[in-house]
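To start, the structure itself, in structure tokens.
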Amino acid sequence: MRYLTCNAETAIAICHPHSPKKNKKPASPTQAQTVPHFAYSDIVAATNAFSAGNFLGKGSHGSVYKAILHGGALIAAVKKTKPSKEIEILSNLKSRRLVNLIGFCNDRTNCNNNKLIVVEYMPNGSLHDLLHSTKTVGPPGWTARVRFAVQVAKAVRFLHSSEPPVIHRDIKSSNVLIDQKWKARLGDFGLAFRGYVADSRVPPAGTLGYLDPCYLAPGDLSTKSDVFSFGILLLEIASGRHAIDVRHSPPSVLDWAVPLVRRGHFREICDPRIGAPPDMAAFRRMMVLASRCVTSTAERRPTIAEVVECLTAVKKNFDESLMWMRMKRSVVKARGDWFPYRDRSEESVRIDKGGSRNCRRNGKVSSVLGVEYDNGAANRAVRCKSVGSVFFREMKINSVMERFPNQFGFGYRKVRLKRSRSVGLLEHYGNESNTCHERHNDTHNNDYDRVSSTEMEVSKLGIVDKNLD
Ligand SMILES: Nc1ncnc2c1ncn2[C@@H]1O[C@H](COP(=O)(O)OP(=O)(O)OP(=O)(O)O)[C@@H](O)[C@H]1O
């Protein structure tokens, strides 16, 4: 449901919030790429006469239908569009982050003075449905959510950095569609504005709950209005709450979440259906970012480029944390009865080796020669299912360990065995002050490798082989 609608005929004012280029004209229609025109009869045939079977969803301008064109070679979505600049704007934009324009149909008699717009078909529905529909398999997990957020932010960054800039003005979860590769794309340019903002005469428009409160008059339009809507979307993604939901008090996700961020109650914001995020520190950064996006002073909001940068870092942290969790799990899985978990009387080493072809192939656990300690304790090590060597090569272990002390809290250390270049987890149950030398007998090269004992003592967080960085 849209809050206000746009009179698109007035939507060609020329300005920019930060670097006004008043004399710069928008691209003329001739500069726009030629957009294929479809005959109405072709659209009717492609949508099976707008049958219920082809129905995809309903928006404020009408229904959206799946269209099978060119004898099945092209699958598209057809929707009605009000007289607006949507086709002109979309014809000048092409990005894998957007739901791109394929063509249009402009049959005045059949379309009731509206145009039919043919866009790329997104088989996995909208982000709104994924987050809120009870019909879908289950709500997306944290990795998918952050990935979607990064992808949408990149779409907005693409729009804002276009020449002239495009302001979407209707960023919301139902306008984020999921493609066949489960990547998020930004669609619905019915309210989009293309040009430089200073002389804007476009009446404010947007959707209730996502609309920037600073955007009260045409002259208030800026790229920061999109940043505000994106901030609301980010809160929605994190909490699984609708932007406005009258079943809650307060109904607005903004009024509910921002005070929680201020009080530092980040866990309460997390969508209860999917539990805690893999990296709480990164989640906190994400929520602080969302709060900055929705701040009431537009100038204090970050640019979308900053948003992309921050979210990309959050995504990386989430990925790394999940990798550690998986690694831990695989180590625990590999633990045999012969290796008592709770026996902390001696030190022990487990090696999750990424380099063994044998392990990768059959996933079997094999024992390796273990560890020699200065205190002479006999220890055993187990090498378990490989979790991928490429990933490890990219890891900056030092920084990872600093960032995720909790990951190491119960005794795992990540090590790389120098000569074999394999990567392993070292489980360190004994006295922290013990000096530990690891001897690893690789089944393939029979090399004995040593992990520096000094580095093991570097910090309580863990030990790191210097060569890793
Ligand atoms: N390209 C597409 N591919 C697949 N499904 C689509 C596509 N575009 C829209 N849909 C479906 O149709 C529904 C309606 O889309 P539409 O863009 O018309 O409206 P909306 O964004 O939900 O609301 P509003 O018109 O108020 O912005 C979407 O929620 C989505 O499920």
Side-chain angles (χ1 to χ4, degrees), residues 1-6 8 11 35 38 43 46-48 50-69 74-87 89-91 93-105 111-112 114-136 140 148 151-152 155-156 167-193 204-211 225-226 229-230 232-233 236 242-244:
M1 181 190 65
R2 280 194 184 136
Y3 178 42
L4 297 160
T5 52
C6 166
V35 187
F38 290 92
I43 300 285
T47 56
N48 213 355
F50 299 103
S51 69
N54 287 43
F55 177 78
L56 291 173
K58 196 166 172 54
S60 52
H61 294 325
S63 303
V64 184
Y65 291 90
K66 182 175 176 179
I68 297 166
L69 292 150
L74 177 65
I75 301 179
V78 174
K79 60 186 251 184
K80 221 181 258 177
T81 176
K82 286 267 172 227
S84 76
K85 296 286 171 191
E86 186 170 7
I87 293 174
I89 290 172
L90 273 176
S91 64
L93 299 169
K94 194 151 183 74
S95 163
R96 64 202 167 102
R97 305 274 168 232
L98 304 179
V99 180
N100 294 297
L101 180 71
I102 294 175
F104 71 104
C105 167
C111 299
N112 225 355
N114 290 319
K115 281 180 184 162
L116 289 176
I117 177 170
V118 183
V119 293
E120 288 173 322
Y121 170 62
M122 300 289 120
N124 292 308
S126 72
L127 181 57
H128 180 274
D129 293 343
L130 276 188
L131 289 173
H132 307 297
S133 173
T134 46
K135 286 180 211 150
T136 49
F148 291 149
Q151 286 158 353
V152 180
V156 183
I167 302 175
H168 188 279
R169 300 204 304 158
D170 204 14
I171 295 167
K172 57 178 176 179
S173 55
S174 65
N175 284 340
V176 174
L177 297 162
I178 313 297
D179 69 14
Q180 72 276 17
K181 291 182 180 163
W182 287 92
K183 291 190 173 163
R185 309 246 208 138
L186 187 59
D188 195 351
F189 285 72
L191 291 185
F193 167 83
T207 298
L208 185 64
Y210 296 88
L211 187 64
S225 305
D226 276 353
S229 310
F230 182 82
I232 300 290
L233 177 68
E236 183 181 350
H242 291 270
I244 299 277

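Quick caveat: nothing in here was measured; it's all calculated off a predicted structure. This chain uses plain numbering: 1 for the first residue, then up along the sequence. Numbering of ligands and ligand atoms starts at 1, following listing order. Only heavy atoms go into these numbers, but all of them, side chains included; no hydrogens, no water, no symmetry mates.
Close contacts between ligand 1 and V64 involve ligand atoms 8 (N), 9 (C), 10 (N), 12 (O), 14 (C), 15 (O), 18 (O) [criterion: under 4.0 Å to a heavy atom]. Close contacts of ligand 1 with V119, meaning ligand atoms under 4.0 Å from a residue heavy atom, involve 1 (N). The distance from ligand 1 to the heavy atoms of K172 drops below 4.0 Å at these ligand atoms: 23 (O), 24 (P), 26 (O), 27 (O). Close approach of ligand 1 to S174 is summarised as follows: ligand atoms under 4.0 Å from at least one heavy atom of the residue are 20 (P), 21 (O), 22 (O). Atoms of ligand 1 lying under 4.0 Å from at least one heavy atom of D170, given by number and element, are 27 (O). In the vicinity of G57, heavy-atom distances shorter than 4.0 Å reach the ligand 1 atoms 12 (O), 13 (C), 14 (C). Listed by number with element, the atoms of ligand 1 under 4.0 Å from a non-hydrogen atom of K58 are 13 (C), 14 (C). Distances below 4.0 Å separate heavy atoms of A77 from the following atoms of ligand 1: 1 (N), 2 (C), 3 (N).
Counting only distance, with no hydrogens or angles, the side chain of H168 and the backbone of D188 share a donor-acceptor pair below 3.5 Å. For D179 (side chain) and M122 (main-chain N/O), no donor-acceptor pair under 3.5 Å exists by modelled atom type. Between the Q151 side chain and the A184 main chain, a donor and an acceptor come within less than 3.5 Å of each other. Checked by atom type and distance alone, the side chain of D170 never pairs as donor or acceptor with a backbone atom of A192 at under 3.5 Å.
Nearest heavy-atom pair, A205 versus L191, reported as atom, atom and distance to 0.1 Å: CB-CD1, 3.9 Å. Heavy atoms only, all atoms of each residue included: Y210 and S173 are closest at OH-OG, 3.4 Å. Here the closest heavy-atom approach between residue V99 and residue G187 is recorded as CG2-CA, 3.8 Å.
Not a single heavy atom of H128 lies less than 4.0 angstrom from ligand 1.
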Verify side chain to side chain contact (heavy atoms under 4.5 Å, CB included) between F148 and V176, making sure each step is shown before the conclusion.
-> CA-CA 9 Å; F148 291 149; V176 174; 5.8 Å; no

Evaluation steps, side-chain hydrogen bond (donor to acceptor under 3.5 Å, both in side chains), between E236 and H132 = CA-CA 10 Å; E236 183 181 350; H132 307 297; 2.7 Å; yes

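Not one N or O of Y121 is nearer than 3.5 Å to an N or O of ligand 1, by distance alone. Looking at S126 next to ligand 1, no N or O pair under 3.5 Å apart turns up. Among the atoms of L177, none of the N or O lies under 3.5 angstrom from an N or O of ligand 1.
Counting heavy atoms under 4.0 Å from ligand 1, residue K79 touches it through the side chain alone.
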